[in-house]
J.: 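Before we start, here is the structure in question, set down as C-alpha cells.
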Amino acid sequence: MKLRLSEEDAAFREEMRTFFTTQVPQSIRDTVAARRELTKDQIVETQQILNAAGLAVPNWPVEWGGKDWTPLQRHIWHEEMQLASVPAPLAFNASMVGPVIAAFGSQEVKERFLPATANLDIWWSQGFSEPDAGSDLASLRTVARREGDEYVVNGQKTWTTLGQYGDWIFTLVRTDPDAPKKQQGISFLLIDMTSPGLTVRPIELIDGGHEVNEVFFEDVRVPAENLVGEENRGWDYAKFLLGNERVGVAPVGSTKRWLAAAKELAGDRIAGDPVLATRVAGLENELLALELTALRVVAHSADGKPHPASSVLKLRGTELQQAVTELYVDLAGPLSLASGAGDGSGVPDWARVSTPQYLNFRKASIYGGSNEVQRQIIAKTILGL
Amino acid sequence: MKLRLSEEDAAFREEMRTFFTTQVPQSIRDTVAARRELTKDQIVETQQILNAAGLAVPNWPVEWGGKDWTPLQRHIWHEEMQLASVPAPLAFNASMVGPVIAAFGSQEVKERFLPATANLDIWWSQGFSEPDAGSDLASLRTVARREGDEYVVNGQKTWTTLGQYGDWIFTLVRTDPDAPKKQQGISFLLIDMTSPGLTVRPIELIDGGHEVNEVFFEDVRVPAENLVGEENRGWDYAKFLLGNERVGVAPVGSTKRWLAAAKELAGDRIAGDPVLATRVAGLENELLALELTALRVVAHSADGKPHPASSVLKLRGTELQQAVTELYVDLAGPLSLASGAGDGSGVPDWARVSTPQYLNFRKASIYGGSNEVQRQIIAKTILGL
Amino acid sequence: MDFTLDSEQTALRDAVRGLLSKSYDSTETRREITKTDPGFSEKTWTQLAELGALGLPFAEEDGGFGAGPVEVSIVAEEIGRVLAPEPYLETILAGGLVADLGSAEQRADVIGRVAEGALVLSLAHHDIGDAVVATASGDTWTLSGVKEPVLHGARADLLVVTARTDAGVGVFLVDPSADGVERTGYRTHDGGRAARVAFDGAAATPLGDPTADASDAVALAKARGQIALGHEAVGAMDVALRTTTEYLKTRKQFGVPLNTFQALTFRAADLYVSAELARSTVTWATLVLQDEPERAVEAASRAKMQVSRAGRHIGQEAIQLHGGIGMTAEYSVGHYTSRLTAIDHTLGDGSEHLARLASTVTDHGVVDPIG
Amino acid sequence: MDFTLDSEQTALRDAVRGLLSKSYDSTETRREITKTDPGFSEKTWTQLAELGALGLPFAEEDGGFGAGPVEVSIVAEEIGRVLAPEPYLETILAGGLVADLGSAEQRADVIGRVAEGALVLSLAHHDIGDAVVATASGDTWTLSGVKEPVLHGARADLLVVTARTDAGVGVFLVDPSADGVERTGYRTHDGGRAARVAFDGAAATPLGDPTADASDAVALAKARGQIALGHEAVGAMDVALRTTTEYLKTRKQFGVPLNTFQALTFRAADLYVSAELARSTVTWATLVLQDEPERAVEAASRAKMQVSRAGRHIGQEAIQLHGGIGMTAEYSVGHYTSRLTAIDHTLGDGSEHLARLASTVTDHGVVDPIG
C-alpha cells in the first residue's frame, strides 16, 4: 500500500495537466467553469484537439486510437480533464457506441465509423429509452422489420440528449417480436438521422433548456449493413454499453471544481459563518471519500469489467453533484430567482444560473440508470439480497 | 380558527398543571426528569394518586372511571403530565387492556377487572408478540385448546415489557387452528401470571437493562370465563387496541422536556457554538411542528376513532425522541462512555445515562408498530398506494 | 385552539379554487400565460379582485374588506395549488406597509385601488450592493441606489421602497414612471417576473413619518409575506404530492404499477409526513399573526424554516419518483419544484430563518405553541 | 497509489483473524469475558503479543517489530470485526508517545515489555474539570488533578499522562501504584473499561524533555489513535452490515423472506455506500500517516468524521432492520452499535472533527488526496 503516485504516474498526471490547461482554448474552459452551456462547435473543437493528441478515446482498442493505459492512468486522465474544466469527449461517441462497435462490429462497420466517431466527425445520439419503458429498458417497442437488404423502423425514442446535433443515432430495436423473453429479439442498429421518416422533436426541460428530444421513426429504411454484431443480440451489447457508462459517470473532478469555485464566490461569508463552513467542509469530505472510493474501484477493475461498486460511484456521485448545485442556490439566496436577468443586472452570472442548474441536475439521479436502479444493483449484485 | 385555548380549556390546563406539579411526589418526578429508571412502587404510587383524583383513565367510559373530555382536553392532560415529568398511567392497563375490556368484555369481566386495572392493583402485561411473528403479529402460534370450562395454553410470547412485575397478562391465542385466514381463529384471553406452567424469562437489552421478557406457557390452564368478548374474534379487539396505542404514543411533551433540559445542561456551549445551536433549534422546530400536528389530529378525531395521521405522530415522534437521545450523547462527548461510573466519578449523571438511553431508545421505532409498519399505514390508508 | 375554517372561510376557499382552477386548468395554460409579459393574467387578477380576494387583509375604512390572516392564507394556498403567477404576495407585502404606516390620505388613495385590482404594487426591499439611501431636502425626498430583484417590479403601478434614512429604515412610495427610476424586468425561473430597479434621485413620498425607524413595521410586513408564502408552499406541496402518488398508482414498469415497489411508497409516506408538519406550522403561524402579532416574526421564521425543509424534500422527491417525465416542462411536477425553490429563497431561506431561531434558542426552555 | 496488501500483510491479517475469531467465537463468549474485570482476556492479549501484533508500530531498536501504520490498521480492523475488548488502542496511543518522546532508556524499558504483552499501557489525556498540572521541584516532577475517563486506566501497569507545564503540554510516565494516585475503574457501555484517575502530588517521570511543548507529539499520537479506531470501526461496520444482510435473507415475515421488501434492501444498499466511503477514507488516512505524517492530523480528522457518519448510519439501521432481536444483548448487532457509538466519542466525535475541518475549509481550493 502506498499513498503517492509512482514516478511514472506522477509524470503522466503532469503531462495531462499541462496538456489540458494549455492546449484547450481558455474560452471553452471558462464556459465550463462558469457552468454555462457549450455550443456544438466548442464541443467538436475540443474533441478534435484531444483526438489529434490521441487523448479522445483512450478506452478504445489501441488499433482504433485507444491507449494501453492502466485503469489508474485512465482515471487520472479523466480527473485532470474535469479539474481543468475541459469538456469530456462526447460520451455517446467515446464511451457508448465507439466501444460497442469496436467490440462487436464487423471490420467494415469499424472502418466506416470508428475514426469519424473518435474525431466527432459524426455526432452520435442515443436511441435507447422509450416513453413507456423508463427504467424497464428491455420492454422497448420500436420495431425494425427486415425487408430484403433493409430494416424498416417504426416507433419512438425519448430522452435523446443533444439529439438536435445528432448526425447518426444508435438504437435498440425489436427485430423479433415473438421472442419468449423481452430481453431477446432486440438488435443494435445504427441509423442516419437524415433518413426520411425520422423526426426529432425537442423536449423543454424544467430549467427552460433544450437538451433532450423525442425521436420518431416512421417507416425509416435502414440498410441491413448498419446492424452491429448479430441480429437479436442487441441486449448483450446494451448491457456492455451500460456497464461502461456507469464507470465513466462518477463526476468527482467536476464536482470538486464546482465546490472549490463556490468557496471563492462566497468569499468571506464562509469563514464568517460556521454553519455554512460546516456544510462546505462536510461536502468536501464526502467528495474526498467518493474520490478515494473511485480510486479503489479503479485499482480493482484491471480486467476491464466494471466493478460492481461502480454503482456506488454513480449513486453517491450524483447525490453530491446535486448537493453542490443546491449549495449554489443557497449561496445565491434571493438572487437565485434572477435566472432571466440580462446584462444590466447586478446579479452575478453564477447566481443567475444557480437554480436552472439545480433543477437541471435533478436529472443526474434519473438518467443513465436511476439511483433506484443503482440501489437495486448494489442490493442484488453486491449484497446478494 | 383561533390560537388561544378557550377560557374553559385554559382553566383545565392550569388545573392539570397544578395537580401534576403539586400532587405527585417530587422524588418520582425528579427520577423521570433525570431519565432514570422508576421502581415498580413509584409507578404504582403515581397511578393510584392519579386514580384517586379521577385522572388515571380519562379515556375509559365514564361509568368505569373515565372522563367525558374533549380530545383536546385529553391531549392537554397528556402533555402536561409529560411536561411535569409525571410517569403516565401504565399503558398496558390504561390504554390497552382496560379499553378492550370496557368495550368488549362481559359485565362480569368488567366488574372483576376494571377497577383494579384503573388503580394498578393488577399490573397487566402484554402477550401479543411471538418470536417467529415480529411485525406479522397475526401469524402467532400460541395455542389455547378448549377443555371443558378451561383453555389449555401452550406457546411462547416475547418482548413482554416489564413482565417481571406482571400480575396478569392479556394474550392473543389461537383457538381455531383450522381457520382459513391467519387473522381468524384468534381469541383475547386474560391469564393469571401465577398460573402453574407459566414462566417469565428476562431478556437483557443492549443498554444492559432488563425491561422485556419472554413468557412461556406450558399446559397453562385458564378458566374460560377469562375470555374477553367472543371466541375467535380476538383479532378485532387487537386492532382496536393497537389503534388506541398509536394515538397515545406520540411522546411530544417528554421529548420537549428532554430537549429543554439539554439546553440547560449544555449551558454556555450552545450559545457559543452556532452549529450546535442550529441543531438544537432545528430539533425544537421539528418538535413544535409535531406538537401542532398532534393538536390538528386531536381536533379531527372527535368521533373517538384513531385518525390515520396518528401514524405520522408515531413515526416522527420516535424519530425525534431518538434524535434528542443522540444529542445527549454528543453533548456528553467522551464522558458518554462512562455509563458504569459510580459515585466518586466526575462524570455527571446525565452524561452517564446518555448512551444507554440512546441505545435503549432504538426500540422506539421498532416496538408498538415499527416505523416501517407506520409508513405502510400512511402509504396504504392515507395515500392509497 | 381551533384549526377549522368557518363557513364563510370555506366559501371563500371554494370560490377562489373555482376561479383559479378554471384560469389555470393545465400546465400548458400556465406556460402560455407566463411566457409573455407581465407573466400573469390581467383577467385573472381582475377576477380575483371582483371576488374580493385582493382587499381581504385591509380595513374597511381604508377601502379593504376587513378580513384577516386566515382569509389571506386561504387565497395563498389556492394560489399555490395551481401555481398562479399573479402578484398576490407583493400586494400583501406592499399593501400591508401602506396600511400600517400610511397616512389616512395615503391609505385612502392606495388601498381601495389595490382592492379593486386597479393598482399593482411591488415592495422593493432587497438591496444589491450598497443600500438605497433616502435624502430629504425640505419636505421633498429622493432615493438613490439599486433594488434587485424586485418581484413584479417592471409591471408594478406603484413601488413601495425601503431605504436608509438618518432614523434607520424608512419606507417610501415611488411612482415608477417618475424621472430617475429605471426598471429592467426579466423572467424568474419559476415563470414569474422580477426587475432591477435603479433610483437616481427619484422623487419619493414617505409612508407615514420619515423621521421614525420603520424597521419593526418592515419586519412585520415580511412576516406576513413569509406566512402567506408558507401557505402558498403548502398548497403547492399538497398538489405535488397528490400528483406523485397518482403517478405511482397508474404508471407501470416491469409489468406492474410503480406502487408495487415498497421503496417508492415508503418515500411517499415520508413526503406526507413532511407536508403535514409544514402545514401544521404554517397554519399555527397564521393564528399567531391573527391573535398575537407581537410573536409573528418568530412564528414566521418557524413556519418558513419548516416549509423550506419540506419544500426541498417534496420538490426533489416528486421529480425523482416520477423519473424522466418529471424533468419536462410539459409535465406539471417540475414547475412545482421550481416554484417551491423560489418560495424558499424569497424573504429568507430555511437556513437564514434557522439561524435566527438558533440565535435565540437558549432564551427559553420549551416552546409553548399556545402562548 | 496502491491500496493492496502485500503477502506479508495478508498473512498478518489471516493470523490475527484466525486468533481473534477463535477467542471471540460468539456473542456469548465476548459477554462472558467483558462481564468480569479487567474486561478483556489476558490470554488473548498474550497471544496477540506472541503473534507480534503488539510490537508492530515500534522500531526494532526499541524492542518493537518495525512495521508501520498499515500493519497496525490490519490488526485494528480484525479487532473491530469481533469487537475484541483488548487494550490495543491504548497501546498505540501511549506506546506511540513513549516511542516518539522517550529517551533511549525509557524506550528500551517500556517498548520491549509492551511488545511482549507484559505491560499494559494507558494514555490519560482527558481532563475533567481543571487540567492536570505538572510541578517540578529540582529534577523531581509531581502531578495533581484528575483525568477521566481513562480507558483501561484501572488495569494499566503504567500510565502515560498529559499535563500542563510552563512550556505548554508535557507528557509523563506514572506508576499507578505510587502514592498520590487513586484509580476508580468502571464499565463502559460497550463492555470496555475506563477509570477515574486522581493525582495528588503523584511522582511522575517526564517523557523526554519536560521544558519543551509536546502538543504536536500528542496531536500526532491522537491522530494515530483516530486512524486505528477508524479501522476498528470499518471492521465492525463490515460485520454489522453482513450480519444484517444475512438476517434479511433468512428471516421470514408475512410468509416471505425480509429481502422481498424493497424498502429494506434499498436501505441496506445505502449502508453499503456508507461503509465503502468510510473504508476508503480510513485507508487513505493510514497511507498519509505512513507516507506524509505531517498531514496525518488533518487526514485523521477526515477519516474520523466519515467514520462517525457511517457508524451512526450503520449502527442505527442495523438494529432497525433487525427489529426486536437487534435490541437484545444475546444477539450480536446491538453490541456493534454500542461499540461504534463508543468509537465515535473517543478521541473526538464527528462534529468535533468536522468543526476542525470547517475552520480551515477556506484555506484551500480542492482537496488533493494524492498530495
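Atom set for the values below is all heavy atoms of this structure, side chains included, hydrogens, waters and symmetry mates excluded.
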J.: Pairs in or reaching into residues 267-280 of chain A: which pass side-chain hydrogen bond (donor to acceptor under 3.5 Å, both in side chains), with residues at least two apart or in two chains?
T.: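 Listed once each, the pairs are R279(A)-D330(A).
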
J.: Output a table of donor-acceptor pairs, distance under 3.5 Å, between side-chain atoms of residues 338-348 of chain A and any protein atom two or more places apart or on a different chain; print 'none' if there are none.
T.:
from	atom 1	to	atom 2	distance (Å)
S339(A)	OG	H189(C)	N	2.9
S345(A)	OG	V347(A)	N	2.8
S345(A)	OG	E148(C)	OE2	2.6

J.: Heavy-atom count check: over 12 atoms from other residues, nucleotides or ligands less than 6.0 Å from E32(C) CD?
T.: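 It does: E32(C) CD has more than 12 such atoms within range.
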
J.: Give, for atom CG of L276(A) and atom OG of S351(C), the distance between the pair rounded to the nearest 0.5 Å.
T.: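 Reported value, rounded in 0.5 Å steps: 8.0 Å.
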
J.: Show the numbers, then the answer: is there a side-chain contact (heavy atoms from CB on, under 4.5 Å) between F254(C) and K182(A)?
T.: CA-CA 10 Å; F254(C) 303 100; K182(A) 62 184 175 183; 4.0 Å; yes

J.: Counting neighbours of CD on E182(C) that are heavy atoms of other residues, nucleotides or ligands and sit closer than 6.0 Å, is the number greater than 12?
T.: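 Count not over threshold, so no.
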
J.: At a heavy-atom distance under 4.5 Å, which candidate from R196(C), Q253(C), R187(C), H126(C) has the highest pair count against chain A?
T.: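 Between R196(C), Q253(C), R187(C), H126(C), the count favours Q253(C).
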
J.: If you count heavy-atom pairs under 4.5 Å with chain C, which of S336(A), S365(A), A138(A) comes out on top?
T.: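 Going by pairs under 4.5 Å, I would pick S365(A).
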
J.: Step through the shown structure and confirm whether more than 12 heavy atoms of other residues, nucleotides or ligands are within 6.0 Å of CD on E28(C).
T.: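 Atom CD in E28(C) is crowded, with more than 12 foreign heavy atoms closer than 6.0 Å.
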
J.: Heavy-atom pairs under 4.5 Å with chain C - which of V275(A), I203(A), L335(A), L337(A) has more of them than the others?
T.: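 Heavy-atom pairs under 4.5 Å are most numerous for L337(A).
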
J.: Taking every non-hydrogen pair under 4.5 Å, which of R352(A), Q322(A), E326(A) racks up the most with chain C?
T.: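 If we count pairs closer than 4.5 Å to chain C, E326(A) comes out on top.
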
J.: Please find the pair of heavy atoms, one from P334(A) and one from P149(C), that lie closest to each other, and give the distance.
T.: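 Reported closest heavy-atom pair: O-CG, 3.6 Å.
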
J.: Check R201(A) against E330(C) and note the closest heavy-atom contact, atom names and distance.
T.: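 In this case the closest contact between R201(A) and E330(C) is NH2-OE2, 3.0 Å.
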
J.: Sub-4.5 Å heavy-atom contacts with chain A: which residues of residues 306-317 of chain C show up?
T.: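 R312(C), Q316(C) fall under the 4.5 Å cut-off.
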
J.: Does any heavy atom of chain C fall under 4.5 Å from the side chain of L205(A), the backbone, both, or neither of them?
T.: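 For L205(A), the contact with chain C is made by backbone and side chain together.
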
J.: Kindly give the heavy-atom pair with the smallest separation between I206(A) and H335(C), and that separation in Å.
T.: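 Smallest heavy-atom distance, with atoms named: CG2-N, 4.4 Å.
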
J.: Can you name the nearest heavy-atom pair linking Q320(C) to I366(A), along with the distance?
T.: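 For Q320(C) and I366(A), the tightest heavy-atom pair comes out as OE1-CG1, 3.6 Å.
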
J.: Identify which part of R251(C) has an atom lying under 4.5 Å from any heavy atom of chain A, answering side chain, backbone, both or neither.
T.: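 Contact with chain A: side chain only.
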
J.: Pick one of side chain, backbone, both or neither for L347(C), based on which atoms fall under 4.5 Å of a heavy atom in chain A.
T.: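 Contact with chain A is absent: no heavy atom of L347(C) under 4.5 Å.
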
J.: Of all of K363(A), E372(A), R375(A), which one pairs up most often with chain C through heavy atoms under 4.5 Å apart?
T.: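 Most pairs with chain C among the choices: E372(A).
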
J.: For L151(C), is it the side chain, the backbone, both, or neither that has a heavy atom closer than 4.5 Å to a heavy atom of chain A?
T.: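 For L151(C), the contact with chain A is made by the side chain alone.
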
J.: In terms of heavy-atom pairs under 4.5 Å, which option from G350(C), A342(C), G185(C) contacts chain A the most?
T.: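 Ranked by contacts with chain A, first place is A342(C).
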
J.: Less than 4.5 Å to any heavy atom of chain C: does that hold for the side chain of V329(A), its backbone, both, or neither?
T.: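 For V329(A), heavy atoms of backbone and side chain both lie under 4.5 Å from chain C.
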
J.: If you count heavy-atom pairs under 4.5 Å with chain A, which of G255(C), G324(C), A263(C) comes out on top?
T.: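 Answer, by heavy-atom pair count under 4.5 Å with chain A: G324(C).
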
J.: Would W159(A) and T328(C) count as a side-chain contact (heavy atoms from CB on, under 4.5 Å) if you check the C-alpha gap in whole Å, the side-chain angles of each, and the deciding distance to 0.1 Å?
T.: CA-CA 10 Å; W159(A) 312 130; T328(C) 66; 3.3 Å; yes

J.: Checking T337(C) now: which residues fulfil side-chain contact (heavy atoms from CB on, under 4.5 Å) with it, not counting sequence neighbours?
T.: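 For T337(C) the side-chain contact (heavy atoms from CB on, under 4.5 Å) partners, ignoring immediate neighbours, are L359(A), I319(C), T341(C).
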
J.: Take a 6.0 Å sphere around NZ of K249(C) and say whether it holds more than 12 heavy atoms from other residues, nucleotides or ligands.
T.: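 Result for NZ/K249(C): enclosed.
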
